[in-house]
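Hydrogens, waters and symmetry mates play no part in the numbers below; they use all other heavy atoms, side chains included. Numbering of ligands and ligand atoms starts at 1, following listing order. We count residues from 1, following the sequence as given.
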Amino acid sequence: INNGFFSIITFLLLQPCFAQSSKPAKQRPNIVYIMSDDHGYQAVSAYGYGLNRTPNIDRLAKEGILFTRASVTNSLCAPSRAVLLTGKHSFINGKIDNEARFDWSQDNFAKELQQHGYQTALIGKIHMDGLPQGFDHSAVLIDQGEYYNPNFIVNGTKQQLDGYVTDLTTDMAIDWIKDRDTSKPFCLLFHQKAPHREWLPALRHIAEYTKMKFPEPKSLFDDFTNRGTAAKTAEMNILKHMNWAGDNKVPPAMMDELGLKEGISWDKAAFNNNLGRMSAAEREAWDKVYDPIMEDFKKKYPSMNEQDLMRWRYQRYLQDYLGTVAAVDDGVGRMLDFLKENGLDENTIVVYTSDQGFYLGEHGWFDKRFMYEESLRTPLLVRYPAEIAAGQKSAALVQNLDFAPTLLDYAGVSIPKDMQGKSFRKLASGKKKWRDAIYYTYYEYPSIHAVKRHYGVRTDRYKLIHFYYDVDEWELYDLEKDPEEMNNVYNDPKYKTVRTTMHKKLNQLRKQYKDSDEKDQRFLPKKKQKI
Ligand code: SGN
Ligand code: CA
């Protein structure tokens with residue numbers, strides 16, 4: 001009897017909860033949450049699109065889990081960040097678009113971690129006014145931030161730093177971990193500005209990336225047959241709405257020579273401001289690579305038709321966009337190496353994601369905002385060897401809404417009841433049960449890129465979207481038959497039952513998340529603007 005009694009005691013003492021209570025702080029995992037800006041999953045090689053190589057981000061897929069259908073609830077920068085922090089939809093946390101004020105005084109998961117003994121930091125882009133709350137340390141860019149020699153606000157004080165933004169952000173992220181209090185677990189939000197517009201790669205990458213030629217997406221010349229008004233009137237076409245100087249790097253003087261018109265009013269100013277930030281040596285190195293490309297373009301321009309121009313602009317766009325991704329990937333590699341070299345790789349959860357997806361020429365577009373796949377979905381990879389088996393793939397419908405509860409769950413901090421997301425901790429370690437539908441809202445209209453207000457539901461197979469405000473249009477897509485969303489089947493009699501089921505699902509989600517027509521109305525601009 002005695003032996004049996006003692007072996008039960010020994011067994012109990014060896015259980016994780018007992019082991020944890022003897023060494024509480026050390027056992028709790030660290031968190032390195034890496035989020036870039038506008039990084040479409042098509043530009044992460046682990047997703048298999050073959051556009052570019054991101055060997056370091058791919059390490060997370062190899063050693064952890066890759067989510068193939070992770071999505072955001074509102075495909076725009078600042079709203080996405082507000083959802084990440086609060087675990088609540090935009091219409092609850094109040095940050096519905098890039099313009100709305102974010103109320104930092106509301107609860108966020110970093111505050112919760114801080115209150116439970118974590119040290120926290122936010123480094124890089126946050127795109128919200130006001131001193132970030134919930135962080136022991138913050139070093140954030142102002143608004144969108146700058147690529148070369150950028151300004152940061154370090155704990156409330158503005159500083160101009162010399163160097164390339166992606167590398168500086170990585171340096172600061174690593175230095176903060178180096179300088180941390182080793183008696184406490186940490187949570188670092190490591191947020192890159194890249195690959196946000198206007199896509200200025202690091203000097204070490206420009207020669208290589210400007211020589212690359214990328215395959216064109218099938219829908220590069222999409223004419224939007226079988227789609228609604230919103231897709232037809234959006235202003236994010238690579239040929240018609242991109243900036244010649246700011247985006248494609250055609251010097252303003254050459255634009256004048258060729259008679260090229262500014263895409264938007266700050267087209268030339270963007271070029272001058274962005275390149276004007278470089279030191280003389282940086283500018284010389286830049287011009288050495290870009291001047292010959294532009295001279296070549298000038299020669300060819302007179303004989304180019306619209307299709308040739310679209311093709312040229314698409315290649316230019318991807319060269320610079322993917323060039324900026326290269327430095328993001330270098331930074332992820334440096335972070336992973338640093339964690340390993342310092343014995344932190346086993347007990348640190350590393351997340352890689354983006355604030356939303358991005359169009360890389362699909363439908364002829366750049367930018368995001370729509371509930372269509374390329375901008376709804378976002379890359380998501382998580383490494384945590386203590387719980388997540390290597391080389392996993394999940395098609396579960398996880399969302400950025402779930403980050404706050406998930407990270408709190410891993411940290412052993414109870415999840416506030418009013419958070420709307422769900423922890424995907426168990427899902428990441430193999431449990432199958434998960435939600436069967438996600439809810440989406442978008443509000444920034446009338447505004448840049450002219451993407452109309454909409455909301456919708458996506459299930460495993462179908463997507464139902466309602467565009468409203470100056471239209472009242474419904475779209476339904478069968479993602480299994482039409483993964484590229486080229487054919488709206490809302491009025492197709494064959495889909496009558498699906499349509500009814502999806503409407504029901506949508507109503508149910510709107511109720512569950514506490515959204516309504518009345519709320520949509522409340523967020524409309526005060527005066528109806530003429531578009
Ligand atoms: C800027 C960009 C837009 C982009 C928004 C929002 N134009 O206005 O293309 O959609 O930011 O991006 S630019 O000519 O100024 O670059 S977000 O990621 O911050 O939401
Ligand atoms: Ca963004």
Verdict with reasoning, H241 to F366, per ring pair (Phe, Tyr, Trp, His ring centres under 6.0 Å): CA-CA 9 Å; H241 307 108; F366 64 104; 7.7 Å; no
Can you tell me if [X] contacts ligand 1 (heavy atom of the residue under 4.0 Å from the ligand)?
| X | answer |
| --- | --- |
| K125 | yes |
| K368 | yes |
| F366 | no |

Close-contact set for ligand 1 against [X] heavy atoms, below 4.0 Å:
| X | result |
| --- | --- |
| D367 | 3 (C), 4 (C), 9 (O), 10 (O) |
| Q356 | 18 (O) |
| D37 | 18 (O) |
| I448 | 3 (C), 7 (N), 8 (O) |

OD1 (D355) - the Ca ion (ligand 2) - OD1 (D38) angle, nearest 10°: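 OD1 of D355 and OD1 of D38 make an angle of 100° at the Ca ion (ligand 2), to the nearest 10°.
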Cation-aromatic face contact R510/Y455, 6.0 Å, 45 degrees: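 Here R510 passes the 6.0 Å and 45° test against Y455.
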Aromatic W244 / basic R313 pairing, under 6.0 angstrom, 45° off normal: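 Satisfied, under 6.0 Å and within 45°.
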Heavy-atom nearest neighbour in the protein, as seen from [atom], with distance rounded to 0.1 Å:
| atom | answer |
| --- | --- |
| atom 17 (S) of ligand 1 | C77 CB, 3.1 Å |
| atom 2 (C) of ligand 1 | R197 NH1, 3.9 Å |
| atom 1 (C) of ligand 1 | Q144 NE2, 3.9 Å |
| atom 15 (O) of ligand 1 | W266 NE1, 3.4 Å |
| atom 9 (O) of ligand 1 | H449 NE2, 2.6 Å |

Any side-chain heavy-atom pair from [X] and [Y] closer than 4.5 angstrom?
| X | Y | value |
| --- | --- | --- |
| V44 | V325 | no |
| L203 | W286 | yes |
| H191 | H127 | no |

Test of proximity, I264 against ligand 1: N or O pairs below 3.5 Å: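 By distance alone, the answer is no.
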Backbone or side-chain N or O of H196 under 3.5 Å from ligand 1 N or O: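 N/O-N/O distance under 3.5 Å: yes.
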Shortest reach to atom 5 (C) of ligand 1 by a heavy atom, considering only E444, H127, R369, H241: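 Answer by nearest heavy atom: R369.
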Name of whichever N/O/S atom of D37 is nearest to the Ca ion (ligand 2):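 Sorting the N, O and S atoms of D37 by distance to the Ca ion (ligand 2) puts OD1 first.
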Measuring from atom [atom1] of [X] to atom [atom2] of [Y], what distance do you get when rounded to the nearest 0.5 angstrom?
| X | Y | atom1 | atom2 | answer |
| --- | --- | --- | --- | --- |
| R377 | T68 | CZ | OG1 | 7.0 Å |
| Q133 | W104 | CD | CH2 | 7.5 Å |
| F67 | Y47 | CZ | OH | 9.0 Å |

S375-Y359 side chain donor-acceptor pair, cut-off 3.5 Å: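 There is such a pair (donor and acceptor under 3.5 Å, judged by atom type) between the side chains of S375 and Y359.
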Donor-acceptor pair between D38 and Q356 side chains, under 3.5 angstrom: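 Result is yes, a qualifying pair exists.
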N/O/S from S80 sitting under 3.0 Å away from the Ca ion (ligand 2):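 Checking the Ca ion (ligand 2) against S80, no N, O or S atom falls under 3.0 Å.
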Test log, rule side chain to side chain contact (heavy atoms under 4.5 Å, CB included), inputs C77 and K125: CA-CA 10 Å; C77 181; K125 183 170 170 183; 3.4 Å; yes
Region of N98 that comes within reach of ligand 1 [heavy atoms, distance under 4.0 Å]: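 The answer is the side chain.
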